[in-house]
Asker: 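Attaching a single structure in structure tokens format; questions to follow.
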Amino acid sequence: MRHGGEVFLRPTRLTGRCTQAARPSNDEPELLQLLADVLDLGDEVTWGIDLADGGAALVIAVLLNHGQRAFYISGRAINRASEGYRGEGKTDAKDAAVIADQTRIRRDLQLLRTGDEIATDLKLLTAHRSDLVADRTRTVNRLRSLPTGIFPALDRARDLTNAGPLTLLTGYQTPAALRRLGARRLETWLRNRGVRGAGQIAEAALEAASSQHTSVPGETTAAPMVHTLAAQVIALNQQVAEMDRLIAARFREHRDAEILASLPGLGPILGAEFLAATGGDMATFASPDRLAGFGGVAPAPRDSGKISGNLRRPQRYNRTLQRVFYTSALISIRSCEESRRFYDRKRAEGKRHTQAVLALARRRVNVIWALLRDQRCYQPTPPQALAA
């Protein structure tokens with residue numbers, strides 16, 4: 001099924017040409033009518049769709065609520081498979097036909113299931129948080145470029161991404177303005193706005209202002225722009241912090257929250273991103289190898305002819321889940337003795353830092369999978385060893 005364009009439906013009991021073509025809109029009555037029409041063609045129907053969320057959410061919900069089997073096949077897989085079909089043109093009709101045919105013949109596609117409600121909420125929340133963080137990064141980069149051009153000494157003196165210097169930039173942006181104000185009044189101004197370490201920030205700012213007495217061309221125009229960007233970064237920081245609180249609160253409501261949080265390096269945010277990426281259902285992954293492959297921390301073989309044993313980095317994996325595995329492993333090196341020993345052993349074997357962290361992340365996938373399978377929290381000493 002191709003959502004939003006030509007739709008070709010092929011019941012599993014039919015092996016000939018496509019049996020129906022239509023252009024349903026993304027509207028429940030039309031989708032229900034389409035479902036009824038298709039079910040009239042056969043008792044057993046398999047659906048294939050190249051979107052797993054977003055605009056296809058209603059389609060998937062309608063299908064699953066009516067007990068239909070629906071499989072997800074990625075757009076990249078469809079693009080590659082299209083090369084094996086006649087013609088070089090690309091249309092919705094052809095893509096839909098390829099989706100239908102690939103769904104019919106492939107046995108490795110992911111079966112769509114009714115989503116875990118909390119995991120679905122976390123997927124939306126973490127996606128919105130990622131957007132906010134990306135917006136903040138872009139705004140910070142723009143903010144850095146302006147003070148560097150008109151007042152480079154201040155940029156060197158203080159990290160302009162911290163709350164105190166950001167507050168300073170909402171009021172004063174040029175060396176001359178800071179010198180006119182003076183250290184004592186600047187400290188009072190910062191303290192009245194709740195800035196911690198107001199005295200140190202004021203002293204560093206005045207010291208930087210005293211080192212530059214030259215007025216840079218464009219300074220007057222750039223100053224209000226710096227004020228606006230600094231205010232935007234402060235607002236984005238507040239939005240990210242509020243989103244972190246929402247994510248942490250929703251994460252703690254999940255049945256596996258305590259298990260995931262017990263693993264060193266996997267806090268509420270990374271734990272929420274893990275649930276969002278996996279759907280909160282380990283039944284999808286029959287083994288830790290499947291989970292590691294989906295998360296991009298298992299190497300893919302690259303053998304050909306007499307050459308065997310070659311491994312390469314995988315190309316098809318969930319980027320968010322890989323970041324969760326890698327980042328949590330990196331954090332655990334500083335907070336967990338077992339992780340530190342494993343990392344040091346891999347480094348002693350000659351592996352680079354990134355390779356050692358990835359090896360640790362792969363080992364931790366086995367732990368996460370086993371903990372969720374057994375529904376128990378992490379313990380440095382395995383239960384078998386405690387029993388002995």
Side-chain angles (χ1 to χ4, degrees), residues 54 122-250 268-270 272-273 276 319-320 323 327:
L122 291 175
K123 186 173 184 178
L124 294 173
L125 291 171
T126 54
H128 184 54
R129 182 184 186 276
S130 297
D131 290 340
L132 291 175
V133 171
D135 290 342
R136 181 176 61 181
T137 300
R138 284 191 292 268
T139 307
V140 166
N141 290 337
R142 292 168 59 195
L143 175 62
R144 284 188 179 278
S145 65
L146 287 173
T148 301
I150 64 175
F151 194 0
L154 181 61
D155 184 40
R156 292 194 302 269
R158 286 287 172 177
D159 186 354
L160 299 182
T161 60
N162 291 334
L166 283 172
T167 303
L168 170 66
L169 290 178
T170 61
Y172 305 94
Q173 303 84 28
T174 63
L178 288 171
R179 287 196 301 270
R180 286 194 300 268
L181 185 65
R184 182 172 298 178
R185 284 192 295 172
L186 178 59
E187 179 181 352
T188 302
W189 186 86
L190 291 171
R191 187 175 291 110
N192 290 339
R193 284 156 180 77
V195 175
R196 296 181 180 180
Q200 296 179 351
I201 295 175
E203 182 180 350
L206 263 296
E207 183 179 348
S210 300
S211 66
Q212 179 179 330
H213 291 268
T214 301
S215 179
V216 178
E219 183 180 275
T220 304
T221 302
M225 298 170 62
V226 171
H227 162 81
T228 301
L229 291 173
Q232 290 176 358
V233 175
I234 292 175
L236 287 169
N237 283 338
Q238 294 172 348
Q239 293 179 51
V240 171
E242 177 61 24
M243 190 57 55
D244 287 347
R245 286 191 290 270
L246 292 175
I247 290 173
R250 192 61 172 140
I269 302 301
L270 291 178
E273 291 182 349
R319 265 63 180 174
T320 299
R323 188 179 63 82
T327 304

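We number each residue from 1, following the sequence as shown.
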Asker: For the residue pair L146 and R142, establish whether any side-chain heavy-atom pair is separated by less than 4.5 Å.
Answerer: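 A side-chain contact is absent here, since even the closest heavy-atom pair is not under 4.5 Å.
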
Asker: Indicate the atoms forming the closest heavy-atom contact of L186 with A202, along with that distance.
Answerer: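 Reported closest heavy-atom pair: CD2-CA, 3.7 Å.
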
Asker: Just how far is it from atom OH of Y172 to atom CG of L206, taken to the nearest 0.5 Å?
Answerer: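 Spacing of OH (Y172) from CG (L206) equals 11.0 Å.
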
Asker: If you round to the nearest 0.5 Å, how far is CG of L270 from OG1 of T126?
Answerer: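 Atom-to-atom, T126:OG1 and L270:CG are 11.0 Å apart.
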
Asker: Mind checking what makes side-chain contact (heavy atoms from CB on, under 4.5 Å) contact with E242, not counting sequence neighbours?
Answerer: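 With neighbours one apart ignored, the set is R245, L246.
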
Asker: Does any N or O in the side chain of Q212 come within less than 3.5 Å of the main-chain N or O of I150, such that one atom is a donor and the other an acceptor?
Answerer: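 Indeed, once roles are kept as given, a pair shorter than 3.5 Å links the two residues.
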
Asker: State, with a plain yes or no, whether a side-chain heavy atom of T228 is found less than 4.5 Å away from one of Q232.
Answerer: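 Side-chain contact under 4.5 Å: yes.
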
Asker: Return the CD to CG distance between Q239 and D131, rounded to the nearest 0.5 Å.
Answerer: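 Result: 11.5 Å between the selected atoms.
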
Asker: Do L143 and L169 come close enough that some side-chain heavy atom pair is under 4.5 Å?
Answerer: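 Of all side-chain heavy-atom pairs linking L169 with L143, at least one is under 4.5 Å.
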
Asker: Grab the two heavy atoms, one from L166 and one from A230, that are nearest each other, plus how far apart they are.
Answerer: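 Of all heavy-atom pairs spanning L166 and A230, the closest is O-CB, 3.7 Å.
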
Asker: Answer yes or no: are there more than 12 heavy-atom neighbours, outside R196 itself, under 6.0 Å from its atom CZ?
Answerer: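 No, CZ of R196 has 12 or fewer neighbouring heavy atoms, counting only those of other groups under 6.0 Å.
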
Asker: Dump the intermediate steps for side-chain contact (heavy atoms from CB on, under 4.5 Å) on I269 and R129, then the final yes or no.
Answerer: CA-CA 10 Å; I269 302 301; R129 182 184 186 276; 4.1 Å; yes

Asker: Could you state the interatomic distance from CD (E187) to CD (Q200), rounded to the nearest 0.5 Å?
Answerer: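 Spacing of CD (E187) from CD (Q200) equals 10.0 Å.
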
Asker: Roughly how far, to the nearest 0.5 Å, is CG of L236 from CG of L132?
Answerer: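 Rounded to the nearest 0.5 Å, the CG-CG separation comes out at 6.5 Å.
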
Asker: Is there a donor-acceptor pair under 3.5 Å between the side chain of R193 and the backbone N or O of L168?
Answerer: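 Looks like no, no N/O pair under 3.5 Å.
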
Asker: What are the two closest heavy atoms between W189 and T170, and how far apart are they?
Answerer: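 What the structure gives for the nearest pair is CH2-OG1, 4.0 Å.
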
Asker: Check the pair H128 / L124 against side-chain contact (heavy atoms from CB on, under 4.5 Å), numbers first and verdict last.
Answerer: CA-CA 6 Å; H128 184 54; L124 294 173; over 6 Å; no

Asker: What distance do R319 atom CZ and R323 atom CZ have between them, rounded to the nearest 0.5 Å?
Answerer: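 Rounded to the nearest 0.5 Å, the CZ-CZ separation comes out at 13.5 Å.
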
Asker: Compare all side-chain heavy atoms of I201 with those of P165 and state whether any distance is below 4.5 angstrom.
Answerer: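 Yes, their side chains come closer than 4.5 Å.
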
Asker: If I compare all heavy atoms of R179 with all of A209, which pair ends up nearest, and what's the gap?
Answerer: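 Answer, listing the atom of R179 first, then A209: NH1-O, 2.8 Å.
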
Asker: Set out, in order, the CA-CA distance, both residues' side-chain angles and the distance that settles side-chain contact (heavy atoms from CB on, under 4.5 Å) for F151 and V226, then state yes or no.
Answerer: CA-CA 11 Å; F151 194 0; V226 171; over 6 Å; no

Asker: If I compare all heavy atoms of A248 with all of P268, which pair ends up nearest, and what's the gap?
Answerer: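 The answer is CB-CB, 3.9 Å.
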
